Amino acid sequence: MSSNFLPAGARDLLPTDLIRQEKIRHTFLEIFKSWGYQPVLPPTLESLEAIDKGRPQFLNECFKVIDRDGKLLALRPDLTLPIARLAATRLKTVERPLRLCYLAKVFRQEIRLADEKREIYQAGIELIGSTSIDQSSENQNNENSQNLVDKANLECLSILLETLAKSGLTDYQIVLSHTDLWKYAGEIFHKVEEQLGTDLSEELNTLIEEGDFVKYQQAVTKAEKKCIESLSKEKGSSELKSCFESKSPESPLQYLKRACYNLTGKPREILDYLDSDSNLYKELFAIIALEEIFGPDKFIIDFTIRPDPHYYTGLYLEVVIPASGKPVGRGGRYNNLTACFGNPESAIGFTLHVDSILKYAVHDTTKDPENKEEKKVMIPLQEDLIKSLRESMELRKKHPIVILK
Amino acid sequence: MNSLHLKKKYRIALPKGALIEGSKIALAKAGIEFEMPDKKLILQTTDPNVEILLVRQHDVPIYVENGAADLGIVGSDMLQEKLPDVLILADLAFGQCDLVVAAPKDSEIKTVADIADYSRIATKFPHLTRQFFRGIGSPVEIIELYGSIEIAPITGLSEAIVDLVATGKTLRENGLIQLEKISSHSARLIANRVSWQINHEWTVEILNKLQENLF
């Protein structure tokens with residue numbers, strides 16, 4: 001008889017799994033609460049319309065369910081989205097900032113990896129409405145608004161670093177990126193881009209995002225040829241001409257060609273490329289200062305990760321551990337999300353994949369009280385069942401586990 | 001970096017077969033040299049921090065995508081076929097070959113336009129083959145094989161094939177002629193995304209040495 005009853009990507013959690021999960025859940029929740037975050041739990045079913053509005057990329061990945069009236073529902077593919085909906089509707093009149101946290105499952109089906117897990121246990125926080133997103137006041141009072149952004153960033157990242165420190169992971173780093181990169185990515189970068197036209201910038205962006213540095217370099221070479229041709233026709237300034245024709249490593253085009261390799265690295269090295277007066281520099285610099293509290297080498301900057309510009313509106317982060325080839329958590333700023341539900345405000349948060357963390361965390365099972373044999377008391381059942389039960393209840397006041405034999 | 005991290009050896013996944021000699025020469029430029037005793041799949045190198053994984057070409061992107069190897073060398077054909085989520089760092093410019101459509105010399109088929117609708121095409125590259133024939137609006141049936149594609153038309157399994165060609169010798173020996181080139185390919189250096197972030201300095205150093213003669 002076939003025994004293929006378990007669907008692809010599904011998993012039974014056994015007692016030992018649940019004990020570990022419960023323990024880490026407790027640890028995380030206590031940290032979140034200590035920073036003033038309160039737990040919420042949105043429904044498992046969400047209307048597909050809400051997902052389409054907030055984050056259409058999830059439409060392909062989410063499990064669809066048909067309601068009685070034929071309306072399409074989805075098993076929630078994410079918790080940030082329903083929490084943003086909640087913040088913009090029922091919690092609209094609650095005092096800001098809202099500090100909310102969650103520990104719950106989301107449901108997804110990966111298109112490419114059929115057997116990847118489909119129920120993902122997530123833990124995370126959302127800080128909503130901590131900064132003004134009114135454009136006019138931002139321009140008037142830039143300094144102050146950047147300060148508020150920094151405050152929210154540092155709160156969010158401090159909680160993340162404290163959570164990771166207590167998660168049992170021995171080695172982890174936070175990779176930072178930002179949606180503003182291509183606006184600020186250094187003087188030379190900018191100059192070259194201007195000369196090459198804006199089209200290329202978008203193309204290079206996409207190739208970097210796809211991780212194809214070979215095609216990226218081919219695109220630069222192609223643009224370079226085009227530039228040299230048009231320059232020789234127009235007899236452009238000799239300075240510019242030499243800048244494109246030069247093959248020295250310092251020339252802007254050689255620089256641009258190798259830029260894909262230099263967009264990743266230690267924060268101080270990457271920050272060197274940025275204009276120190278830019279908001280991007282200041283924002284990242286403020287975050288890196290957290291290493292003073294949480295220890296060195298906690299951050300990597302990687303501008304090859306391009307945060308989805310339709311969703312993220314600033315800082316983007318991923319949590320990586322050397323043992324896993326994939327991020328075990330992510331987060332960032334998404335100031336446009338609550339607007340989808342009728343109340344625009346700033347928002348920042350992170351989410352951790354609890355199961356991935358448990359997989360790589362160091363865990364001493366002998367310390368679990370449930371595994372300590374001496375803590376278990378077995379009592380034989382006597383003729384008088386009521387008397388036995390009463391005795392066992394008395395014993396439970398002193399012993400953690402009392403089992404009826 | 002903490003101590004646990006430093007103890008880890010960097011791993012490079014290399015494909016057994018056509019690209020192995022080129023890979024050896026390329027890595028030697030980066031000071032990584034190794035012997036290949038029979039049947040040994042994990043090889044130590046002259047660089048005490050680096051070990052080599054010898055795997056099938058198909059599996060190189062899988063090892064790298066999942067972080068079991070930090071770097072890998074693989075043909076661009078395989079990357080375009082499997083679309084793994086890895087970083088493609090550099091064109092190593094060896095292992096050059098073309099992906100082509102070929103048919104028996106003595107058949108009616110002289111160009112791809114002669115391939116009748118719903119003809120069978122044998123290939124190791126079903127995704128790229130589908131893409132090509134859809135692109136020219138020709139409906140074909142794709143038969144996925146794992147090797148010896150050239151005998152498919154001789155045995156009547158398929159009307160034509162899509163395969164890699166380096167010199168054209170294998171095609172000729174099996175009575176096949178090239179109808180059209182689909183794309184050109186060569187070896188690529190690929191990296192795991194997280195490894196690229198965490199081990200960036202090391203990776204860029206290797207990359208620079210490999211590219212010294214390319215740029």
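Convention: sequence-line order gives letters A, B, ...; per-chain numbering from 1. These numbers come from a predicted model, not from an experiment.
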Please state whether the side chain, the backbone, both or neither of A:T264 comes within less than 4.5 Å of a heavy atom of chain B.
both

With chain A, the option among B:V204, B:L89, B:T203 that has the most non-hydrogen atom pairs under 4.5 Å is B:L89

Please classify the contact between A:V175 and chain B as side chain, backbone, both or neither, with a heavy-atom cut-off of under 4.5 Å.
side chain

Highest number of heavy-atom pairs under 4.5 Å with chain B: which of A:I305, A:I301, A:I300?
A:I300

Please look at A:D212 and chain B and tell me whether the side chain, the backbone, both or neither of the residue comes under 4.5 angstrom of a heavy atom of that chain.
both

Surrounding OH of A:Y316 (heavy atoms of other residues, nucleotides or ligands, distance under 6.0 Å), is the total greater than 12?
yes

Can you tell me how far the OH atom of B:Y146 sits from the OG1 atom of B:T123, to the nearest 0.5 Å?
11.5 Å

Evaluate the ring planes of A:Y281 and A:F285, with Trp represented by its six-membered ring, and classify them as parallel (under 30°), tilted (30 to 60°) or perpendicular (over 60°).
parallel

Side chains of A:E283 and A:H178: is there a donor and an acceptor less than 3.5 Å apart?
yes

Toward chain B, the part of A:E269 with a non-hydrogen atom under 4.5 Å:
side chain

Do other residues, nucleotides or ligands put more than 12 heavy atoms under 6.0 Å from B:R56 CZ?
no

Under 4.5 Å from any heavy atom of chain B, what part of A:I321 do you find: side chain, backbone, both or neither?
backbone

So do B:W196 and B:L207 actually touch side chain to side chain, heavy atoms under 4.5 Å?
yes

Toward chain A, the part of B:V86 with a non-hydrogen atom under 4.5 Å
backbone

